[in-house]
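In what follows, a single structure is set out as structure tokens and then discussed.
When a ligand or atom number is given, it counts from 1 through the structure's own listing order.
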Amino acid sequence: MSDLWRRCLERLEGDLSAEDLHTWLMPLQARDDADGLQLFAPNSYTLDTVRERYLAQIEWVLQQLNGKPWPVRLDVGSNSSRPAAPAKPVAAPRAKVAPAPMPAFNHNLDPHYTFETFVEGKSNQLGKAAAMQVATNPGRAYNPLLLYGGTGLGKTHLMHAAGNLMLEHNPAFKVMYLRSEQFVGSMIEALRAKSMDEFKRRFRSVDALLIDDIQFFAGKDTTQEEFFHTFNALFESKQQIILTCDRYPKEVDKLEPRLKSRLGWGLSVAIEPPDFETRAAILLAKAHEKGVAVDENVAMLLAKRIRSNVRDLEGALNTLAARANFYGKPITTDFAEETLRDLLATHAQAITIPNIQKITAEYFNVRLQDLLSKRRVRSLARPRQIAMTLSKELTEHSLPEIGEAFGGRDHTTVMHACKTIRKFVETDARMRQDWEQLIRTLTG
Ligand SMILES: Nc1ncnc2c1ncn2[C@@H]1O[C@H](COP(=O)(O)OP(=O)(O)OP(=O)(O)O)[C@@H](O)[C@H]1O
């Protein structure tokens with residue numbers, strides 16, 4: 001094993017879990033030469049994961065070990081295999097083979113996540129528009145841009161899309177994407193190596209900093225402090241900041257108030273769970289992208305039954321595609337029902353009116369019998385309206401049926417509840433959070 005790589009792994013041991021280290025980094029083979037370190041991954045999946053999750057950290061450690069930036073090249077293959085076929089036959093010994101040119105800047109962006117591959121719907125159109133504006137006019141449109149919402153709804157996708165578009169407009173633009181854990185990891189490493197100046201320079205020298213899932217900063221005081229200063233430096237010199245969070249940041253416990261206030265300086269946009277039509281459209285688009293033949297009936301079946309998030313929808317599609325491929329069968333609705341029986345049952349199970357009533361009552365800490373009673377005090381009326389609206393959105397029951405299930409109420413009462421709650425969800429952050437949390441619990 002290359003000595004440099006061994007030392008790099010030793011350093012990383014402190015920052016990464018043993019599982020991550022064994023799953024992703026140990027299987028890599030390394031070869032170092034004068035031009036940098038070459039890492040070989042056993043397959044492209046490992047390669048993509050290493051590039052996306054660990055490359056920035058590896059480069060950082062190598063820079064610490066070598067006292068200067070140290071290029072890393074990632075390839076599929078093994079140390080003993082020949083390097084990727086050169087364009088022309090190379091007669092000279094390996095040491096003289098010119099290395100492939102390194103990208104000028106390691107932006108960590110996934111090229112598949114673009115605006116073209118993002119399906120727009122009511123639930124995400126504001127987020128998409130804002131991300132496009134920011135990408136077209138970085139540092140000037142909205143700064144920071146914060147995309148927030150539940151898991152698997154496309155926040156990361158939009159963030160990468162913005163970064164990719166910035167690069168398309170200007171390939172020299174220094175965009176840096178990283179997950180918040182990577183920011184934390186780099187900072188811990190810098191603290192340990194007493195190289196905080198370098199750390200600061202590195203993050204402040206970018207044109208656009210994209211940090212995913214900042215809720216992980218909660219409770220990490222030193223990280224927040226450092227991020228706060230990075231934020232200020234970038235903001236003042238009009239460098240673009242894009243962040244994502246799994247909820248409205250004001251609702252994240254243990255996030256410093258001054259940081260929360262900074263996050264509100266630009267534009268915060270909620271990404272909502274997609275409605276039925278958007279789910280079906282996303283599914284067809286993903287199937288097309290993956291070259292999987294899926295007709296509209298199958299897309300509608302999955303979109304109707306899997307409401308939790310796009311990641312689950314995509315997971316179901318992948319399962320279907322793999323099974324269909326294995327058995328050499330076309331993906332019909334019968335095949336989908338059969339293959340995904342357990343999965344669809346799990347998703348269907350939670351979504352009955354009684355279950356919605358029970359979960360809503362628990363969430364708001366009220367008694368189920370009070371929720372269904374005629375009492376009209378506000379502490380009961382609001383949860384009741386929410387439960388009615390959830391029943392309308394998440395089940396196939398009609399307004400009269402829902403009214404009946406809620407203590408024999410008229411269908412106009414249910415209609416009014418739905419109208420009120422939808423308006424509240426759009427305008428009131430607290431209400432939106434309750435709503436999204438309940439949807440997650442019911443559909444997750
Ligand atoms: N509107 C959409 N169009 C196309 N693909 C989408 C859309 N929304 C989500 N996806 C896909 O769903 C998957 C999950 O999305 P993503 O990782 O962006 O979610 P997220 O909101 O960042 O979730 P998390 O908070 O868990 O990181 C990705 O493969 C993404 O491409």
task: For L340 and L302, run side chain to side chain contact (heavy atoms under 4.5 Å, CB included): C-alpha distance rounded to whole Å, both residues' side-chain angles, the deciding distance at 0.1 Å, then the answer.
output: CA-CA 9 Å; L340 302 174; L302 297 189; 3.5 Å; yes
query: Passes ring pair (Phe, Tyr, Trp, His ring centres under 6.0 Å), F216 versus F183? Steps please.
result: CA-CA 10 Å; F216 286 116; F183 186 87; over 10 Å; no
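Ion pairing between E198 and R201 holds under the 4.0 Å rule for side-chain N and carboxylate O. With respect to E189 and R11, a salt bridge is recorded, a charged nitrogen being found less than 4.0 Å from a carboxylate O. A salt bridge between E314 and K290 is present, with a side-chain N of the basic residue lying under 4.0 Å from a carboxylate O of the acidic one. Between E225 and R258 there is a salt bridge, since at least one side-chain N of the basic residue sits less than 4.0 Å from a carboxylate O of the acidic one.
Within the 4.0 Å heavy-atom criterion, both parts of T156, backbone and side chain, lie near ligand 1. Within the 4.0 Å heavy-atom criterion, the part of E314 lying near ligand 1 is the side chain and not the backbone. Contacts between D213 and ligand 1, counted as non-hydrogen atom pairs separated by less than 4.0 Å, involve the side chain only. Only the side chain of K286 comes within 4.0 Å of ligand 1, judged by heavy-atom distances. The proximity of N124 to ligand 1, defined as any non-hydrogen pair under 4.0 Å, is limited to the side chain.
K155 places a side-chain N or O within 3.5 Å of a backbone atom of G150 that can act as its donor or acceptor partner. The backbone N or O of R179 sits less than 3.5 Å from a side-chain atom of Q182, completing a donor-acceptor pair.
The option from H157, K155, R279, M159 that lies nearest to atom 21 (O) of ligand 1, judged by heavy atoms, is K155. Which of G315, G154, G150 comes nearest to atom 15 (O) of ligand 1 through a heavy atom is settled by distance: it is G154. Between A285, P274, G152, A161, it is G152 that holds the heavy atom closest to atom 23 (O) of ligand 1.
Listed by number with element, the atoms of ligand 1 under 4.0 Å from a non-hydrogen atom of T117 are 3 (N), 4 (C). Each of the atoms 8 (N), 9 (C), 19 (O), 20 (P), 21 (O) of ligand 1 lies under 4.0 Å from some heavy atom of L153.
For atom 10 (N) of ligand 1, the closest non-hydrogen atom on the protein side is V310 CG1, 3.3 Å. Taking atom 17 (O) of ligand 1 as the reference point, the nearest protein heavy-atom neighbour is R311 NH2, 3.0 Å. Of the protein's non-hydrogen atoms, T151 OG1, 2.5 Å is the one closest to atom 26 (O) of ligand 1. Protein heavy atom in closest approach to atom 7 (C) of ligand 1: F118 CE1, 3.7 Å. Nearest non-hydrogen protein atom to atom 3 (N) of ligand 1 is V119 N, 2.8 Å.
Heavy atoms of I282 come nearer than 4.0 angstrom to ligand 1 in at least one pair.
Using modelled atom types, one finds a donor on one side chain and an acceptor on the other under 3.5 Å when comparing H157 with T117.
Contact of the K419 side chain with the K423 side chain is not registered, since no non-hydrogen atoms from C-beta on lie closer than 4.5 Å.
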